[in-house]
Structure formats: C-alpha cells, structure tokens
Amino acid sequence: MESMAVAGHSIHTCFHIKAKNPRVNLEKQVFGVPVLHHGVSCIGKKLKGKVGAGVQAVQVGLEESERVRNLKSLERTLELDAVSERELREKGFLGLRKTKLVCTIGPACSSLEDLEKLVLGGMNVARLNMCHNTREWHRDVIRKIKKLNEEKGFSVSVMIDTEGSQIHVVDHGAPSSLKVQEDSIWLFTNEKFDGSVPFTVQANYEGFSEGIKVGDELVIDGGMARFEVIEKLGSDLRCKCTDPGLFLPRAKFSFWRDGKLVERNYELPTLSTKDWSDIEFGISEGVNFIAMSFVNDAESVRQLKNYLSTKSAASVRVLAKIESLESLQKLEEIIEASDGIMVARVDLGVEIPLEQIPTVQEEITKVCRQLNKPVIVASQFLESMIEYPTPTRAEVADISEAVRQYADALMLAGESAIGLFGQKALSVLQMTSSRLESWSREENRQGSLLPRQLGVSLPDRIAEQICNSAVELANNLAVDAIFVYTKHGHMASLLSRNRPNPPIFAFTNDESTRMSLNLQWGVIPLLVDLSDDMESNISSTIHLIKSKGLVKEGDSVLVVSDVTPSRATPMAFQSIQVINMSQFRQIRNRKAPFLDCHSSHLAVRCGDFFTKITDRLSGKKKLEKELKSSENGAGQFLFWVLDVLTGFTP
Ligand SMILES: Nc1ncnc2c1ncn2[C@@H]1O[C@H](COP(=O)(O)OP(=O)(O)OP(=O)(O)O)[C@@H](O)[C@H]1O
Ligand SMILES: CC(=O)C(=O)O
C-alpha cells in the first residue's frame, strides 16, 4: 500500500499490485479506488443523500497557491458546445441523446443557414464525399462549418470520404436515371468516348470483364436491374436484361455465378492518386476524420495512418468503410487497424445479398464494440424522404434497430445532401433515436447487453476493467452523469463501450480528442484546460457545471479519472468516485490527506482484493468468504465489487 486519503464519506486508496498473470502488466500501475461505505444498500435506486458531499482528497506536494491558480485557470475555460448545453437545460442529464448523427453535405444543405439548421437539429459530424463536386466547393463548406463552430459555440467535426477504387458506370446512355426494359440488349464496354450512346454502358475500369463468362449475371446497384451475359466481344460484354429496373448515374455493378459473387482481384489500389491528393487537402483544411472507401485489408489503413503521422497529422482519425465482401472476410484486422468503422450499406449491398445486410450490420457493430472502435451505420435510413416529407414506417423501424444494436452513430447520405426534406429527415433520425434510448432506459433494457457480453479483453485490461466496473456502478447507483478526464479519449471510449445509462462528460485539453469523441456513443466532449492536479480538475469542472445552472437538487456524478504520471502525481492513478453535485462545495483550503483506522483496514482489503482478481478467479472463493463475513459496510461493498468484476473474467 502506498498512500491514502479519506474525507467525509469518500475514501481514496492507492496501492501497488503485483500481477501473477504475465499478460497483465500491473507492476507499474497504481489504482485509486474511492469507496463509499454507505453505498451498498442503494443499488439500482437513485442516490439521495447517501453520497459523499464533495471531493476532498488533496494531492500531496501541491502548494495551496498552485491549487488555487489551477482552479482559476479552469474556471476561465470550459467549452461545452452550445447544442449540448441547450439539450441539457431542456432535458436534464439523462435526457441527452446518446446516438451520434452524421449528415452528408451536398448542394441541398451547403449554405451557412442550412448548415446551422443541421447543427441545431443534432448533426455531430458533417461528412463530405470527395467523389462529388469540386475541391473549392468542399473547402467552402469546411470553412463554413468551422466558422459556425467558432462564432456560435458549436462543436461539429468534419469527415471526408475518399472516392476509392470501385468499378462503376461512367455513362449509361442517358444524362440521368434511365429505365431498363426486360429483354433489352446492352453493351458494357471500357471504351472511352464523349457523350452517350444508347444502350451502351461505359465502365471506369478496363479490366472490368476479366474472368467473366457467358451465362454470368450482371447486377446493377445490388438489384436495381439484372442482366445475363450473352456474349463476350474482347473485353466488352453483350448483356440481356432479365430483371427490369433503373440505371442511376455512377451505378455500381457486380457479377454473380451460381448465386455467389464472382470474386476478382482487381489491380486497383485502395487509395488512388486522386484520393492521396484529397487526403492532402483534408489535412490542410484540418478535417477530423478520413473515411477510406473500399478498404480490403488492414495494411491500407496502416499505410494511411503512417502517412498521417509523417505529416504530423496523426490526430486525424481514420475510419474504414466496410463495403466489400473482402473487407468482411478480414473484418477484425481492419477494425483493429482503424480508428473506427462505417458500415456503408449501399455499396455493401452490391457485394452481398440485401437480406444479409441487417445481420452483417449487427455483427460489425458488435465486433466494433468488442474491440472498442466507434461504428457508424450509414445510408438509406430515410431514403424516401429525399422526395417525400414523411418517412415510411419501415424506415423508422430501421433507425430503431440500429439504435437498439448500439451503433455509435447513424448517417444520412442523399437525404441531407440532395433531399428535399433534409432537416426534417434529421429530426426524424434525432427523435427516433432519442425515443428508443429513453424507452430502453425506462424499461431498463440496457441491461440486456451486459458488459460481460463484450467478451474480449482489450490490451489495456486494467483500464477496461475499471471502466466496466465504473459503468456497472453508475447504472446500479443511478447517478445522473459520468465524468471522465482524458487526454486521448481512451478512458472515455472504454466507458462508452459499456453503453451506460447516464451520459459521459469527457473533459479533455486536447482539441483533436474533443472532435474525435463526437462520434462516440453517449459522450459529451468538453474542452478544458486540465491541470496536473486531478482533484482541482474535478472540483472546478463540477463547480463550473453548477455555476451554469445545469445541476438540479440531488444530481450525482460518478467520476473516473486517469492521471498520467507528472510532477504532482509521480505514479499513474486511476480512480472512481461518486459525488453529489448539488451538495458539492469547492474545497480550497485543505492541505493534506489524512488516514483513519477504518480506511487503512479497507486499503489492505483493496490490495488483497485486486491481487486476487488479477490472479483470475483463484482467490475468489476465499476472499468472498472473508468479505461476506466482514461486519463493516466497506467489506460488504468490496464483496459486491468483486462479484461485478470477476463476472468479466473470460
Ligand atoms: N458534394 C456533393 N455534391 C453533389 N451531390 C452530392 C454531394 N454529396 C452527395 N451528393 C449526392 O448525394 C447522394 C448520396 O451521397 P453519398 O456520397 O452518400 O453516396 P454515393 O454517391 O453513393 O457515394 P458512396 O458510395 O461513396 O457513398 C449521391 O448520389 C449524390 O447524388
Ligand atoms: C456511405 C456509403 O458509401 C455507402 O452506403 O455505400
């Protein structure tokens, strides 16, 4: 045991842990686990008057004047974005929407006024698809979003999508959509010519017909129309329409044989020359995310991430778009290599049968959560609203399903980019996701996806377990919010991964972390000027939230802090505390922590307890017996925490 601080109802302990399991490098880690000795009996109910009234542990080694300076500097800078603040005032902590919303920006919504309406309607991330429009147009939109962020106190992130390399139609014989009649005969060619030739389809890639045989099926946009290959003329294909439908501009096509996709190794790079130059453009405009189209392996993701590092742009997060059969076959390695995933349902539907999309979407979403990467479910949520002012009931059900699957974010494509009712579509997305979230909470259905179902252990097992336990505590104690102090967003994302009932306020002093957390489920990122003194960070942020009038009587918060070693705290220190915000007073004049007999007894228990947990279940039985027989509340509490934590052991 190293040190300890006890104040009021809160007890803070720090101790070294020697791991027996070599996979868990605990030697250098120090935990701080503040424990409530009155908390055990109120699991699942709202904490009223049972929580420590304030954070009183004070760091050893910090002079008082420095502490007060830290508090003052924090008071000057707490950026809660204007939209979250408004929502918080209207709906309270638990009413904050958790599912994030992404809108594709296109000609229908690129004016400053329309962009502002989208932000006020809940857009967290603006997406620009580099395969449409000019670079000047994209630059203008990005600058407008940044201007709104600066002038109106918004915090909307910007994402660009690379065009990627995929076989698609350059021209299909008409300037816009075209009906394809049954039995009509078409020529598919790689020949380049100006203008349109009736019944002639130009492909963008000369090797498009390699490996294709007479009798194969050519499918347009995952089923918009179907053809049979009736003749091969060099590299051209003569095809007969077997299933009439529509030809849209830039339609994608795929070939099928005996009911299976014909898989071919096109010599197309994931990032084309144009994509690299779009990436340069994105870096120079300070975008927050790059979504890579047609990723087929982890290597291409790593290549882009390395490139961003060499350009001092490692803060730009790389998302991999899952939209090919090959990317599904290498799903885990792609997720692990990337900073997040987009389930690009439109293009995915070109390569896998449409009826498989819902289950594939669920599987990708689940694996992303397991591996702690945010996931966007994209496209066609409200396709009918491109033309009509109300959604179909099935579209609303599709949104609800993605929310139920706990996707981090949902994305509008054509609905916002070119739709007649983009803002209305966003409000349907917003209302439907909020409704399902509150229904889940009220019915306590959140419990149906318990953290233990997450299954895997991440490399940082200690942080993972702390966050799992913190969320279990937060849900059981029914706190109103979780506060986390984070440099790179790691602890915030581990908390989000557990999809807690209360929202997660992630305080960071890193602007790029703040912007990247905009994609993370349930996280409200706030920019603050964090100091080395974690207690004053906690104290000041609670004080600031209170001073803005955002705290109601009885509101409590669970605080997770993760202090990296510094002069003030030479050892890493991770702690969980529960604080009643409404009774909270800023502590400015206490100088040192103090001990009492009860707490030192508790710390010994804690040390014993964690050693045994890290030794997996070997010590559980003995420890359970000891803790169960303990006559004080702390022992009982630890027994309960033991139960929670060991439940996660694989
Ligand atoms: N910047 C833009 N300028 C003009 N039209 C756009 C723009 N962005 C999107 N669109 C329109 O909105 C529609 C949906 O856009 P989105 O980029 O999601 O789909 P997409 O064209 O199928 O590309 P991808 O398959 O890469 O997602 C497009 O078909 C296009 O018509
Ligand atoms: C968004 C996208 O690229 C798709 O749905 O295919």
Side-chain angles (χ1 to χ4, degrees), residues 102-111 114-115 118 125-142 144-145 158-170 172 175-177 204 220-224 246-254 270-272 274-275 278 281-282 287 289-295 319-325 327-328 340-352 354 357-358 360-361 364 375-387 398 402 407 409-422 425:
V102 183
C103 299
T104 302
I105 309 303
C109 60
S110 58
S111 71
D114 286 336
L115 288 169
L118 288 180
V125 178
R127 167 196 181 237
L128 294 159
N129 191 345
M130 300 307 287
C131 65
H132 305 294
N133 235 314
T134 63
R135 194 160 291 165
E136 286 60 46
W137 184 89
H138 290 291
R139 181 178 290 115
D140 178 57
V141 172
I142 295 173
K144 280 178 190 152
I145 292 164
V158 176
M159 171 192 298
I160 57 166
D161 275 39
T162 59
E163 182 166 351
S165 310
Q166 202 205 17
I167 311 274
H168 64 83
V169 169
V170 178
H172 56 265
S176 57
S177 311
N204 67 331
I220 300 295
D221 278 340
M224 289 289 259
L246 266 187
F247 237 132
L248 300 180
R250 278 182 63 89
K252 319 271 167 59
F253 53 89
S254 53
T270 304
L271 293 169
S272 65
K274 174 179 182 292
D275 292 334
D278 287 339
F281 163 79
V287 302
F289 299 97
I290 296 176
M292 273 178 95
S293 294
F294 300 102
V295 171
L319 307 180
K321 289 173 71 178
I322 303 297
E323 49 192 341
S324 66
L325 191 60
S327 63
L328 282 178
I341 290 294
M342 184 194 293
V343 187
R345 300 192 298 183
V346 168
D347 286 322
L348 199 52
V350 175
E351 300 226 342
I352 65 170
L354 294 187
I357 300 272
V360 165
Q361 170 187 316
I364 299 172
V375 57
I376 306 170
V377 176
S379 306
Q380 293 191 339
F381 276 113
L382 293 161
E383 192 74 0
S384 73
M385 289 190 79
I386 293 179
E387 286 181 54
D398 180 38
L410 312 184
M411 190 182 102
L412 295 180
E415 302 93 326
S416 50
I418 47 166
L420 297 176
F421 304 98

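Counting convention: from 1, in listed order, for ligands and their atoms alike. Just so you know, these numbers use all the heavy atoms, side chains as well, and skip hydrogens, waters and symmetry mates. Computed from a predicted model, the values in this text were never measured in an experiment.
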Asks: Could you say whether the N/O atoms of Arg127 and ligand 1 ever approach to under 3.5 Å?
Replies: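 There is such a contact, yes.
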Asks: Students should be able to answer this: which protein heavy-atom is nearest to atom 3 (N) of ligand 1, and at what distance?
Replies: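 The closest one turns out to be Asn133 ND2, 3.0 Å.
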Asks: State, yes or no, whether a side-chain contact exists between Ile341 and Ile322 at a heavy-atom distance under 4.5 Å.
Replies: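 A side-chain contact exists here, since the closest heavy-atom pair is under 4.5 Å.
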Asks: To the closest 0.5 Å, what do you measure between CD (Glu163) and NE2 (His132)?
Replies: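 Interatomic distance, Glu163 CD to His132 NE2, rounded to 0.5 Å: 8.5 Å.
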Asks: Looking at Ala413, which atoms of ligand 1 are within less than 4.0 Å of one of its heavy atoms?
Replies: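 Answer for ligand 1: 18 (O).
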Asks: Measure the distance from atom 1 (C) of ligand 2 to every protein heavy atom, then report the residue, atom name and distance (to 0.1 Å) of the closest one.
Replies: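 Checking every protein heavy atom, the shortest distance to atom 1 (C) of ligand 2 gives Ser379 OG, 3.2 Å.
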Asks: Backbone, side chain, both or neither: what part of Lys321 comes under 4.0 angstrom of ligand 1, heavy atoms only?
Replies: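 Lys321 to ligand 1: side-chain contact only, backbone stays beyond 4.0 Å.
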Asks: With nothing but distance in play, are any N or O atoms of Asp347 less than 3.5 Å from an N or O of ligand 1?
Replies: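 There is such a contact, yes.
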Asks: If you have a sec, work out which protein heavy atom is nearest atom 14 (C) of ligand 1 and how many Å separate them, to one decimal?
Replies: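 The answer is Gly414 N, 3.5 Å.
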Asks: When you measure from the side chain of Lys252 to the backbone N and O of Asp347, does any donor-acceptor pair fall under 3.5 Å?
Replies: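 Absent.
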Asks: Looking at ligand 2, does any of its N/O atoms fall within less than 3.5 Å of an N/O of Val346?
Replies: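 Yes, since at least one N or O of Val346 sits under 3.5 Å from an N or O of ligand 2.
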Asks: Looking only at protein heavy atoms, which one is nearest to atom 5 (N) of ligand 1, and how far off is it?
Replies: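 Atom 5 (N) of ligand 1 sits closest to the protein heavy atom Pro107 CD, 3.6 Å.
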Asks: Could you find the nearest protein heavy atom to atom 3 (O) of ligand 2 and give me its residue, atom name and distance?
Replies: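 Minimum-distance protein heavy atom for atom 3 (O) of ligand 2 reads Lys321 NZ, 3.0 Å.
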Asks: Of all the non-hydrogen atoms in the protein, which one sits nearest to atom 12 (O) of ligand 1, and at what distance?
Replies: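 Going atom by atom, the protein heavy atom closest to atom 12 (O) of ligand 1 ends up being Ala417 CB, 3.6 Å.
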Asks: Tell me: protein heavy atom nearest atom 4 (C) of ligand 2, and distance?
Replies: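 Protein heavy atom at minimum distance: Ala344 CB, 3.3 Å.
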Asks: Rounded at 0.5 Å granularity, tell me how far OG1 in Thr104 sits from CE in Met411.
Replies: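 Output value for this atom pair is 4.0 Å.
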Asks: Report the nearest protein non-hydrogen atom to atom 22 (O) of ligand 1: residue, atom name, distance rounded to 0.1 Å.
Replies: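 Result: Lys252 NZ, 4.2 Å.
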Asks: Could you name the option among His168, His132, Met130 that has the heavy atom nearest to atom 28 (C) of ligand 1?
Replies: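 Residue with the shortest heavy-atom distance to the ligand atom: His132.
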Asks: With nothing but distance in play, are any N or O atoms of Thr104 less than 3.5 Å from an N or O of ligand 1?
Replies: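 No, there is no polar N/O contact under 3.5 Å.
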Asks: Trp137 to ligand 1: N or O pair under 3.5 Å?
Replies: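 Looking only at distances, the answer is no, because the N/O contact criterion of under 3.5 Å is not met.
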Asks: Run the numbers for me: atoms of ligand 2, each under 4.0 Å from some heavy atom of Arg127, listed by number.
Replies: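 This gives 1 (C) as the contact atoms.
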Asks: Checking contacts here: is it the side chain or the backbone of Gln380 that comes within 4.0 Å of ligand 2, counting heavy atoms only? Could be both or neither.
Replies: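 Near ligand 2, Gln380 shows nothing, with every heavy atom at 4.0 Å or more.
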Asks: Rounded at 0.5 Å granularity, tell me how far CE in Met130 sits from CG in Asp275.
Replies: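 Those atoms lie 9.5 Å apart.
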Asks: Say you draw a straight line from CE of Met342 to CE of Met292; how long is it, rounded to the nearest 0.5 Å?
Replies: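 The distance works out to 12.5 Å.
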Asks: Please report whether ligand 1 has a polar contact with Asn129, defined as an N or O pair separated by less than 3.5 Å (distance criterion only).
Replies: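 It does: an N or O of Asn129 is found under 3.5 Å from an N or O of ligand 1.
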Asks: Among all protein heavy atoms, pick out the one at the shortest distance from atom 31 (O) of ligand 1; state its residue, atom name and that distance to 0.1 Å.
Replies: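 Scanning the protein heavy atoms, the shortest distance from atom 31 (O) of ligand 1 goes to Ile418 CD1, 3.8 Å.
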Asks: Does the Asn204 side chain pair with the main chain of Val170, one donor and one acceptor, at a distance under 3.5 Å?
Replies: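 Not confirmed, Asn204 side chain does not pair with Val170 backbone.
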Asks: Is the backbone N or O of Gly422 less than 3.5 Å from a side-chain atom of Ser416, with the two atoms forming a donor-acceptor pair by type?
Replies: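 A pair under 3.5 Å: no.
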Asks: Does any N/O atom on His138 come nearer than 3.5 Å to any N/O atom on ligand 1?
Replies: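 Min N/O separation from ligand 1 is not below 3.5 Å for His138.
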Asks: If only atom types and distance count, is the side chain of Gln361 paired as donor or acceptor with the main-chain N or O of Val343 below 3.5 Å?
Replies: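 No; judged by distance alone, with no hydrogens or angles, the pair does not exist.
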Asks: Run the numbers for me: atoms of ligand 1, each under 4.0 Å from some heavy atom of Ile105, listed by number.
Replies: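 The list of qualifying atoms is 1 (N), 8 (N).
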Asks: Looking at ligand 2, does any of its N/O atoms fall within less than 3.5 Å of an N/O of Asp347?
Replies: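 Yes; the residue has a nitrogen or oxygen that sits under 3.5 Å from a nitrogen or oxygen of the ligand.
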Asks: Answer with side chain, backbone, both or neither: which part of Lys252 has a heavy atom less than 4.0 angstrom from an atom of ligand 2?
Replies: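 No part of Lys252 is near ligand 2 at this cut-off.
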